[in-house]
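In this chain, residues are counted from 1 in sequence order.
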Amino acid sequence: MKIKALKWFSAVPVAAVLAVSLAACGGGAGSTSSASPTDALQGSDQKTLDKYTTKDVTPVDKIDKSKLGLITDGTLRVGTLSDAPPNIFIDPSGKFTGYDNELLRAVGAKLGLKVEFASTDFSALLSQVKNKQFDVGSSSISTTDKRRETVGFTNGYDFGYMAVVTKTDSKVKGFADLKSDVRIGVVQGTVQDDYVTNTLKLEPVRFPDYNTVYANVKSGQVDAWVAPSQQATGQVKDGDNTKIAEKVVNTQNFTAWAVNKDNQPLIDALNSGLDAVIADGTWTKLTAEWYKDRPTQAEQTPQGWKPGSKAVQIPAK
């Protein structure tokens, strides 16, 4: 596996998935059309990060919970995925868990809010947050400018990697080999879909979830899956005859929770809770627990990126 520093169900036939995905590819949050393509493999742009990161936050004990505009008072209703470990998934006991969701539970606890999760498809999630079916979307969401037209976002709590997943003996060795003769799988509506469609100018095979696209890599129905590398790591297992051929760190668009963009009080409250869990060491603890390849602060904060507001400090270990 090469690493560069730059910045869900059973297998189904490709043709059937392609037909379904094309039928679902109209406008809306899941659409990949973009007047200005986003190159997800560009390096970190600190000016862009600063533009969207708040200078500081309101202390959690000063948050007025009566003004958060929640669907149910005292409860964060959260839309998430069920099959994307280590970030967002359902464990064998039926609990919604993973890095993103456990961190959000910790933020909710700081705010004195109950957190309730429900499963959805990524292609629908941002529209559901916009339409107030959920208070929050939690799904390792990269905060692109295109997505900001649909929803608002908190400050960042994570950064992303992109990966190419292939069969072990594949001719595809990494991003440079993604050409028109390669059958490329993506999950519909993701940054990876946008990257393949609008940056590489290729037509991928779009799948509804991570389990399905990975199953089609294993069966040879597609040659490569362009994936968030966290989810790729959660899928690729010994004995599958698959591998992560290449992964690239991308801190240009941080990962954040999605909120209705007219609900600034809730965005502000979540930012306050996030700073609180960063300051008390919870963020560091959960990051090391869920990302085994990020044991040190340097690996948790590459290229000058850091979570939360500009004011919060990550405690020294």
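A side-chain donor-acceptor contact under 3.5 Å links Asp100 and Ser140. Inspection of the Asp91 and Thr97 side chains reveals no N or O donor paired with an N or O acceptor under 3.5 Å. Asn271 and Tyr157 form no side-chain donor-acceptor contact under 3.5 Å, judged by distance and modelled atom types alone. For the residue pair Asp240 / Tyr214, a side-chain donor-acceptor distance below 3.5 Å is found, with atom types taken as modelled. Neither side chain, Thr197 nor Glu203, offers a donor N or O lying under 3.5 Å from an acceptor on the other. Side-chain atoms of Gln297 and Thr284 include no donor-acceptor pair closer than 3.5 Å. Side-chain polar atoms of Ser123 and Asp121 form no donor-acceptor pair below 3.5 angstrom. A donor-acceptor pair shorter than 3.5 Å cannot be found between the side chains of Ser309 and Asp56. At a cut-off of 3.5 Å, with distance as the only test, a side-chain donor of Thr168 or Asn241 sits close to an acceptor on the other residue.
For the pair Val226 and Met162, the minimum side-chain heavy-atom distance is below 4.5 Å. With contacts defined as side-chain heavy-atom distances shorter than 4.5 Å, the pair Leu70/Leu113 qualifies. The closest side-chain heavy-atom distance from Val164 to Lys173 is not below 4.5 Å.
Rounding to the nearest 0.5 angstrom, the gap separating the CG atom in Asn198 from the NZ atom in Lys146 is 9.5 Å. Note that CG of Asp275 and OG1 of Thr54 are 6.5 Å apart. Values are rounded to the nearest 0.5 Å. Separation of atoms CD (Glu102) and NZ (Lys285) is listed at 11.0 Å; rounding is to 0.5 Å. Here the NZ-OG1 distance, from Lys218 to Thr166, works out to 14.0 Å after rounding to the nearest 0.5 Å.
Remark: Arg294 qualifies as a cation-pi partner of Phe159 under the 6.0 Å distance and 45° angle criteria applied to the six-membered ring. Both the sub-6.0 Å distance and the 45° axial angle are not jointly satisfied by Arg105 relative to the ring of Phe96.
Residue-environment remark: CG (Asp64) exceeds the threshold of 12 foreign heavy atoms within 6.0 Å.
Closest of all the heavy-atom pairs between Val259 and Val129 is C-CG1, 3.5 Å. Between Thr120 and Ala124 the shortest heavy-atom distance is OG1-CB, 4.2 Å. Scanning both residues, Ile63 and Leu68, for their nearest heavy atoms gives CG2-CD2, 4.2 Å. For Ser139 against Leu125, the heavy-atom pair with the smallest separation is CB-CD2, 3.6 Å.
Lys167 and Asp223 are not joined by a salt bridge, as no carboxylate oxygen comes within less than 4.0 angstrom of a charged side-chain nitrogen. A salt bridge links Lys247 with Asp293: the distance from a Lys NZ or Arg NE/NH1/NH2 to an Asp or Glu carboxylate oxygen falls below 4.0 Å. Under 4.0 Å is where a charged nitrogen must lie from a carboxylate oxygen, and between Asp177 and Lys171 no such pair does. Taking 4.0 Å as the cut-off between side-chain N and carboxylate O, Glu149 and Arg147 do not count as a salt-bridged pair.
Aromatic ring centres of Tyr291 and Tyr99 lie closer together than 6.0 Å. Between Trp225 and Phe207, a ring centre-to-centre spacing not shorter than 6.0 Å is recorded.
Remark: side-chain polar atoms of Thr143 are paired, donor with acceptor, to backbone N or O of Phe254 under 3.5 angstrom. Here the side chain of Thr75 pairs no donor or acceptor atom with the backbone of Val115 at under 3.5 angstrom. Thr190 contributes a side-chain N or O that, together with a main-chain N or O of Asp193, makes up a donor-acceptor pair within less than 3.5 Å.
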